[in-house]
Amino acid sequence: MSRSVKDNRTVYIISGPTAVGKSLIAYYLAKRIGGEIVNCDSVQLYRFMDIGSAKPSEKEMKAVRHHLYSIVDPSENMTVAAYRRLALEAIDDILARGKTPIVCGGTGLYLNSILYDMDFGATAADDGDRRKELEDLAEERGGDYMHQYLQAIDPDAASRIHPNNTRKVVRAIEAYEYGRGIRDLSECPMNPDYDFRFYALNMERKWLYDRINRRVSRLVSDGLVDEVNDLIEKGYNKELPSMKAIGYKEVIGFLDGDYDLFDAKELIMKNTRHYAKRQITWLKRYDFVNWIDINKGETVGEIVDRIIESEDSGQI
RNA sequence: GGCGACAUAGCCAAGUGGUAAGGCAAAGGUCUGCAAAACCUCUAUCCCCGGUUCAAAUCCGGGUGUCGCCU
């Protein structure tokens, strides 16, 4: 079944390391092409976590429709499968209304779930009891033991997972017991439902790190500590995945008296830099991504121009 | 000016005769249900010159530098 020429299925993806300016560029792109933004950031998904995750401003949210921001409670355990469902729903909704979806964010795994036709139905969902059991077993017998066990039941998965990576070993065992073990992404086809225009923003490393450092200082002066305090008072504890986000875990450490605010800031900066590096590494694996190297002094308008003008080469 | 201590990677630091631990940072990487997570790889010839020795970062002499104390 071929789609008609008129049937527009274009989906923009604006990704890149944290603090390059994804949100702003996606916003201006949306204004230019009549688009709506779909969040692809694992932390901006959470409610009450606005400052630390650097969500777009109220004003921007009002001027352009933003989807999947502040939609989950911090006590919830998000998963890729759930994200995929929500994201695809939002994208289809936008397309149905004749608008252009602009996926914006830097959570690589979530990006994968949109880009590829991943079938999460075939592997075990997050089964709390069994997972706890396996985690306890790992605690007791050690990571190597678990890896050997995985080696015995699913040697293919075992060969791809480092023995020290207990978290992943446990997940692989879980998935195997459910039926179909963890697959390699290379076995997964691209999502055929959309015409992706995939852009990764980047800039000189030194400059990016500078921006990160400045951003962290700003988040703190904008009230990050109060935000974290409120979360704690609401009853969200530091064991929750949401509270392990960068900016939050470090402030919690400060509130617990583990170190002073200056050290907390330094820690946040360092962890954010590490994160940005991992994001860049992740994006490098896509050979179909269009890298947009931002030059110093370039305006947002000029960057958006470059994205729009790359129409021809932009398609995957 | 005198006395003493120290001098090992970008930073912290072990090693006191047999040919450079470790940590942090930086850099690179992995990735199908916690992903702002979890995990992996990786960086030196030991301040300079001379001596002793089969062998010196390690011992001796000189130089330079840093720190501390004293006058």
Discussion item. What is the separation between atom CD1 on A:I114 and atom P on B:rU32, rounded to the nearest whole Å?
Written reply: 16 Å
Item to complete: Could you tell me whether A:Y209 contacts a base, only the sugar-phosphate backbone, or nothing, with contacts defined as non-hydrogen atoms closer than 4.0 Å?
Response: sugar-phosphate
Worksheet item: Base, sugar-phosphate, or nothing: which does A:L109 touch, judged by heavy atoms less than 4.0 Å apart?
Response: base
Item to complete: Would you please test A:R160 and A:D184 for salt bridge (Lys or Arg N to Asp or Glu O under 4.0 Å) and show each step?
Response: CA-CA 9 Å; A:R160 291 196 309 262; A:D184 193 72; 3.6 Å; yes
Item to complete: Could you check whether A:Y248 gets within reach of a base, just the sugar-phosphate, or nothing at all, counting any heavy atom under 4.0 Å?
Response: nothing
Worksheet item: Does a salt bridge link A:K132 with A:D136, judged by any charged N lying under 4.0 Å from a carboxylate O?
Response: yes
Practice prompt. Would you mind reading off the distance between A:D210 atom CG and B:rA26 atom P, rounded to a whole angstrom?
Written response: 14 Å
Item to complete: For atom OH of A:Y176, decide whether the heavy atoms of other residues, nucleotides or ligands shown that lie under 6.0 angstrom number more than 12.
Response: no
Item to complete: Report which part of the nucleic acid A:D184 touches: base, sugar-phosphate, or nothing (heavy-atom distance under 4.0 Å, all strands).
Response: base
Item to complete: Could you list the residues that satisfy side-chain contact (heavy atoms from CB on, under 4.5 Å) with A:I94, not counting sequence neighbours?
Response: A:E36, A:V38, A:H67, A:R97, A:K99, A:P101
Worksheet item: Salt-bridged, A:R130 to A:E177, with N to O below 4.0 Å?
Response: yes
Worksheet item: For A:T272, which contact category applies under a 4.0 Å heavy-atom criterion: base, sugar-phosphate, or nothing?
Response: nothing
Item to complete: Could you tell me whether A:R205 contacts a base, only the sugar-phosphate backbone, or nothing, with contacts defined as non-hydrogen atoms closer than 4.0 Å?
Response: sugar-phosphate
Item to complete: Look at A:Y286 and B:rC31 and indicate whether a side-chain polar atom (N or O) is within less than 4.0 Å of OP1 or OP2.
Response: no
Discussion item. Does A:V80 reach a base, just sugar-phosphate, or nothing at all? Heavy atoms under 4.0 Å.
Written reply: sugar-phosphate
Practice prompt. Check whether any side-chain N or O of A:R131 sits under 4.0 Å from OP1 or OP2 of B:rC34, and answer yes or no.
Written response: yes
Item to complete: Would you kindly give the CD1-to-C1' distance between A:I246 and B:rC34, to the nearest whole Å?
Response: 15 Å
Item to complete: Compare side-chain N and O positions of A:K168 against OP1 and OP2 of B:rC31 and report whether any pair is under 4.0 Å apart.
Response: no
Discussion item. Within the 4.0 Å heavy-atom criterion, would you say A:E266 contacts the bases, only the backbone, or no part of the nucleic acid?
Written reply: nothing
Worksheet item: For the pair made of CG in A:N271 and C1' in B:rA26, what is the distance, rounded to whole Å?
Response: 15 Å
Fill in: Polar side-chain atom of A:N295 near backbone of A:E298 as donor-acceptor pair, under 3.5 Å
no
Item to complete: Answer yes or no: does a side-chain N or O of A:N164 lie under 4.0 Å from OP1 or OP2 of B:rC40?
Response: yes
Worksheet item: Would you say a side-chain N or O of A:H162 is under 4.0 Å from OP1 or OP2 of B:rU41?
Response: no
Response to the item:
Rounded to whole Å, the CZ-P distance (A:R273 to B:rC24) equals 14 Å
Worksheet item: Using a cut-off of 4.0 Å on non-hydrogen atoms, how would the nucleic acid contact of A:G52 be classed: base, sugar-phosphate, or nothing?
Response: base
Item to complete: Would you tell me if any nitrogen or oxygen in the side chain of A:K284 comes within less than 4.0 Å of OP1 or OP2 on B:rG29?
Response: yes
Practice prompt. Give the C-alpha distance, both sets of side-chain angles, the deciding distance and a yes or no for ring-ring contact (aromatic ring centres under 6.0 Å, His included) between A:F198 and A:Y286.
Written response: CA-CA 10 Å; A:F198 185 11; A:Y286 303 117; 5.2 Å; yes
Practice prompt. Indicate whether OP1 or OP2 belonging to B:rC24 is found under 4.0 Å from a side-chain N or O atom of A:K270.
Written response: no
Discussion item. Atom CD of residue position A:E135 - does it have more than 12 heavy atoms of other residues, nucleotides or ligands inside 6.0 Å?
Written reply: yes
Discussion item. Please convert RNA chain B into dot-bracket. A pair counts if it is Watson-Crick or G-U wobble with both distances under 3.5 Å; crossing pairs go in [ ] and bases paired with another strand get |.
Written reply: ((((((((.[[[..)..(...]]]..((((.......)))).....[[[[[..)....]]]]]))))))).
